[in-house]
Protein chains: 4
Amino acid sequence: MSPTSPPISRSKSEILDAAAHVFMTLGADAASIDDVARHLGATKGRIYHHFPSKGALLGEVCLRAAAFAHEAVAPVIDTPLPPEDKLRQMILAHVPAVLGTLPYHKVIIQSYLGIMQKSTTAQERALFDGIRAERAAYQDLFRAVIAEGMEAGRFRQQNLSIALQSLLLLVNAPVFWYQPRADEPEEFIPDLAAQLADMAIASLT
Amino acid sequence: MSPTSPPISRSKSEILDAAAHVFMTLGADAASIDDVARHLGATKGRIYHHFPSKGALLGEVCLRAAAFAHEAVAPVIDTPLPPEDKLRQMILAHVPAVLGTLPYHKVIIQSYLGIMQKSTTAQERALFDGIRAERAAYQDLFRAVIAEGMEAGRFRQQNLSIALQSLLLLVNAPVFWYQPRADEPEEFIPDLAAQLADMAIASLT
Amino acid sequence: MSPTSPPISRSKSEILDAAAHVFMTLGADAASIDDVARHLGATKGRIYHHFPSKGALLGEVCLRAAAFAHEAVAPVIDTPLPPEDKLRQMILAHVPAVLGTLPYHKVIIQSYLGIMQKSTTAQERALFDGIRAERAAYQDLFRAVIAEGMEAGRFRQQNLSIALQSLLLLVNAPVFWYQPRADEPEEFIPDLAAQLADMAIASLT
Amino acid sequence: MSPTSPPISRSKSEILDAAAHVFMTLGADAASIDDVARHLGATKGRIYHHFPSKGALLGEVCLRAAAFAHEAVAPVIDTPLPPEDKLRQMILAHVPAVLGTLPYHKVIIQSYLGIMQKSTTAQERALFDGIRAERAAYQDLFRAVIAEGMEAGRFRQQNLSIALQSLLLLVNAPVFWYQPRADEPEEFIPDLAAQLADMAIASLT
DNA sequence: AATGAATGAGGTTTCATTCAT
DNA sequence: GATGAATGAAACCTCATTCAT
């Protein structure tokens, strides 16, 4: 989904936020549409008026998750920096963006294990194909900079795909354990991003 | 579950294997007890004869997942090696162990996002406390060696918890994407483990 | 609905046509108001603006079905013909009229099996009483001519009600199987009507 | 479905009877599975344990309806009678068989209007193909004897398909209006069958 | 040790209907 | 006259679980 996707209505957006939160808390499978509706202070009908199925709702949450990250990182891509610096900037953009929209990313990560749906409609399959494509496009941003670094001799020669997947999981690690806290130092997230960037770049060199 | 836990009967073990496989494929939530029974070529009764509930079955799958990794890595712990070498040996043991029992680990990873169960029995809570404890003990093995390395000046000074979580996700990354293939080179998994060990250690130095 | 009922507005008539078509295709129960609206290229609101409920819409479709047949056959009634000739003329009028407004009759036939509605409003009950009355009046046209023929000795003596019901189903049989086709001979429907008239009259003699 | 179909368990048969009755009374669409369960004095679960869906339940009711009629008429087929006599015997067998299993036939007749289901599974489509085939086979019994009679000059020359469909509706007409009554004369149904046979044969000659 | 029948709670989805605009 | 949002009741169906055998 490019930054030029059609604007989303206010009501739809509220529903997506609620769905992301509830799916994050209870798990996308265990959470019911009623749970989402209750969190919204509304009834199921409101949700089904905007989304044709639970799968579609989940899909749009995931699509937004991917879009949030993509939008944050995209501006860095075209800057003329050496690969290790560009990668650092990408991670410094990625981590705060992800933690700022944590519910969405807790949801999309649930879908990374290649679980097969029991039955899906053609519409839902199309939606999930779109998500896969978006995710692949996002990964390719990182793949390109790693490849560039390896060619330029700034990164160690090694299997590119393995390096890419490992690095992406490394920079997404906080999604698994981070919880925002009231007493959290202001600099916590930037520091975290910096440490992850250090580790990521070091892991390649 | 320590190496001295009571032996598991043949029938129970078969059921756990089937459950791990089905939970991996369909997701632990979406998979039904009937799905597991069908995969087993039997009926639900057989499963309920050995496990009191679906939660208990899932719990024992996770417990086994943790135990498989722990058993593989434990022997390395007491060897007198410098921290970076010990960590390398731990990872070289961890990765093949995990990929050799992949279904179990695909299942336990589903539980890593801090999802709150809607309601559970006291028995199941006890079981999951046990899993958490086992997992914590396993993480402590890595935490100790990283701390030792940082104290000895072999690893960069940085936030220990962040480093630990990031490193664990790095070495578990293949659980997300690895799929055994018939035409896979014999050395694929050891090579993968070696690359991950390189990346992990580099990320700390 | 007698030929002197109030005229129906253009918009109402369009809605009734769409409803008849959709109820025919999907079945009156399975079809939703949204299905009708979609067929109309509009939204539900348009329908609810003209009809107070789905039951009323269905009722008016049925009423029209009965009126179409009644209007076509009524002119024959007062002609001074011997019963078998009058019956023939009635059938020759009935069949093309019915097949010319097939969707309406496919709908009303769905209601002929004496199905009990689960719950209806007083308004709807009144509407359906009207349909029953209209239908009874229409049947009485045929009942009278059969009775006349039996009295005059032109038709075999037999149970009048059974003969009437059987004959009406015979002449409505095409509603079950007829489908208009582009390559249909011009004379198909008149020929069909003639054959049914032959069969019907023969069945009584 | 031939008389050699697999035997149906007691529980399944009870459910089918209840379903036929409820579908007849309320209409197959309007009746809910809960209605059927209530009529059985059981819960939905019992029904879903034996039938995978409402469509399948409805399908098996229709299949039984077709089988009841087929079984009653089949013995007549191979007797060496002149066509009009054979047709009379067929009708004399058909009518009591149908009225003796009226609920089933009130249900199957609902399906004769070519209504399109909104969505069906492959399984259900297969089931309904089977019903169509069974129905076609049954019609062919009548088609053959009519054709034979027309060839032998005992029946009037006319369009065979039209004659067949009309005649089948004629002999099924009581399904639309018949209701068993306590005070009904013992001979009512045989007399009815005789009158219908008379009308049917007369309609062809 | 295992099966098959049955239950009951809860989930997703549909849909007639209402209402503000 | 018509739309789009929203509701609430009821439908279909799933599934963990229990029980008699």
Side-chain angles (χ1 to χ4, degrees), chain A residues 9-12 15 29-37 40-57 118-119 121, chain B residues 9 11-12 15 29-37 40-58 118-119 121, chain C residues 9 11-12 15 29-37 40-58 118-119 121, chain D residues 9-12 15 29-37 40-57 118-119 121:
Chain A
S9 80
R10 181 65 187 276
S11 186
K12 254 184 126 157
I15 294 172
D29 265 300
S32 73
I33 295 285
D34 265 322
D35 290 326
V36 178
L40 268 170
T43 62
K44 283 189 275 247
R46 174 162 170 212
I47 296 170
Y48 277 100
H49 185 69
H50 293 278
F51 300 90
S53 70
K54 182 182 177 182
L57 178 58
K118 258 169 172 170
S119 75
T121 68
Chain B
S9 78
S11 189
K12 251 185 130 159
I15 294 172
D29 262 301
S32 70
I33 295 282
D34 267 319
D35 289 326
V36 178
L40 218 41
T43 58
K44 290 192 266 249
R46 176 159 169 213
I47 295 170
Y48 275 99
H49 190 76
H50 292 278
F51 299 88
S53 72
K54 183 183 175 181
L57 178 58
L58 174 59
K118 258 167 169 173
S119 73
T121 68
Chain C
S9 79
S11 189
K12 250 185 129 160
I15 294 172
D29 263 300
S32 72
I33 294 281
D34 267 320
D35 289 326
V36 178
L40 218 41
T43 58
K44 290 192 268 247
R46 176 159 169 213
I47 295 170
Y48 275 99
H49 191 75
H50 292 279
F51 298 88
S53 72
K54 182 182 177 182
L57 179 58
L58 175 58
K118 259 171 171 170
S119 74
T121 69
Chain D
S9 80
R10 181 63 187 276
S11 187
K12 252 184 129 159
I15 294 172
D29 265 301
S32 74
I33 294 285
D34 266 322
D35 290 327
V36 178
L40 269 170
T43 62
K44 278 190 284 248
R46 174 160 169 213
I47 296 171
Y48 277 102
H49 184 69
H50 292 280
F51 299 90
S53 71
K54 182 183 176 180
L57 178 58
K118 259 166 172 173
S119 74
T121 67

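Below, each value reflects all heavy atoms present in this structure, side chains not excepted, and no hydrogens, waters or symmetry copies. Chain A is the first sequence line, chain B the second, and so forth, proteins listed ahead of strands; every chain is numbered from 1.
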Peer 1: Donor-acceptor check, side chain of A:Lys54 to backbone of A:Asp29, threshold 3.5 angstrom: yes or no?
Peer 2: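 Yes, the answer is positive, given that a donor and an acceptor are paired below the 3.5 Å cut-off.
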Peer 1: Classify the side chain of B:Lys44 and the base of F:dT17 as holding, or not holding, a donor-acceptor pair under 3.5 Å.
Peer 2: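 Yes.
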Peer 1: Looking at E:dT17, E:dT12, E:dA1, which one has an atom nearest to any side-chain atom of B:His49?
Peer 2: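 Comparing E:dT17, E:dT12, E:dA1 against the side chain of B:His49, the answer is E:dA1.
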Peer 1: Looking only at heavy atoms, which two atoms of A:Ile15 and A:Val36 are closest? And how far apart?
Peer 2: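 So the two residues come closest at O-CG1, 4.5 Å.
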Peer 1: Any side-chain heavy atom of A:Lys44 within less than 4.5 Å of one from A:Ser32?
Peer 2: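 A:Lys44 does not reach A:Ser32 side chain to side chain.
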Peer 1: Which residue, A:Gly45 or B:Asp29, contacts DNA chain F at a nucleotide closer to its 5' end, judged by nearest heavy atom?
Peer 2: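 Result of the comparison: A:Gly45.
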Peer 1: Hey, which of these two, C:Asp34 or A:Ser53, hits DNA chain E nearer its 5' end, going by closest nucleotide?
Peer 2: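 Final value for this comparison: A:Ser53.
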Peer 1: Kindly say whether, by distance alone, the side chain of B:Lys54 makes a donor-acceptor pair under 3.5 Å with the base of F:dT17?
Peer 2: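 Side chain to base: no pair present.
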Peer 1: Can you work out whether A:Gly41 or D:Asp35 has the more 5'-proximal nearest nucleotide on DNA chain F?
Peer 2: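 Looking at the nearest nucleotide for each, A:Gly41 comes out on the 5' side.
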Peer 1: Closest approach to the side chain of A:Tyr48, judged atom by atom: which nucleotide of E:dT13, F:dT7, E:dG10 is it?
Peer 2: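 Of the options given, the side chain of A:Tyr48 lies nearest E:dT13.
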Peer 1: Paired with E:dA1 by Watson-Crick or G-U wobble geometry, both distances under 3.5 Å: which nucleotide is it?
Peer 2: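 Per the H-bond distance test, none.
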Peer 1: Under 4.0 Å between any heavy atoms, over every strand shown, what does A:Lys118 touch: base, sugar-phosphate, or nothing? Just pick one.
Peer 2: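 Sugar-phosphate contact only.
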Peer 1: How many whole angstroms separate atom NZ of B:Lys12 from atom C1' of E:dA2?
Peer 2: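 After rounding, the reported distance stands at 16 Å.
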Peer 1: As a test of reading the structure: which of E:dC15, F:dG8, F:dA5 is closest to the side chain of C:Ser32, going by heavy atoms?
Peer 2: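 The closest nucleotide is E:dC15.
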Peer 1: Nearest heavy atom decides the nucleotide; on that basis, is D:Arg46 or B:Ile15 closer to the 5' end of DNA chain E?
Peer 2: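 Nearest-nucleotide comparison on DNA chain E picks B:Ile15.
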Peer 1: Return no unless some side-chain N or O of B:His50 is found under 4.0 Å from OP1 or OP2 of E:dA2.
Peer 2: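 Yes, B:His50 has a side-chain N/O under 4.0 Å of OP1/OP2 on E:dA2.
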Peer 1: Scan B:Ala31 against the nucleic acid and name what it touches under 4.0 Å (heavy atoms): base, sugar-phosphate only, or nothing.
Peer 2: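 Counting heavy atoms under 4.0 Å across all strands, the contact made by B:Ala31 is with sugar-phosphate only.
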Peer 1: Could you grab the distance from atom CZ of C:Phe51 to atom CG of C:Leu58, nearest 0.5 Å is fine?
Peer 2: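 Spacing of CZ (C:Phe51) from CG (C:Leu58) equals 11.0 Å.
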Peer 1: For E:dA9, give its Watson-Crick or G-U wobble partner with both distances under 3.5 Å, or none.
Peer 2: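 Across all strands, the one nucleotide that pairs with E:dA9 is F:dT14.
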Peer 1: For F:dA6, what is the paired nucleotide under Watson-Crick or G-U wobble rules, both distances under 3.5 Å?
Peer 2: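 Pairing partner, where one exists within any strand: E:dT17.
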Peer 1: Does a nitrogen or oxygen in the side chain of D:Ser11 sit under 4.0 Å from OP1 or OP2 of E:dA6?
Peer 2: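 Yes, such a contact exists.
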Peer 1: Counting side-chain heavy atoms from C-beta on, which of F:dG8, E:dT12, F:dA16 comes nearest to B:Ile33?
Peer 2: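 Of F:dG8, E:dT12, F:dA16, F:dA16 is nearest to the side chain of B:Ile33.
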Peer 1: Hey, does A:Ala30 reach any base, or is it just sugar-phosphate, or nothing, if we go heavy atoms under 4.0 Å?
Peer 2: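 Since no nucleic acid heavy atom lies under 4.0 Å of A:Ala30, the category is nothing.
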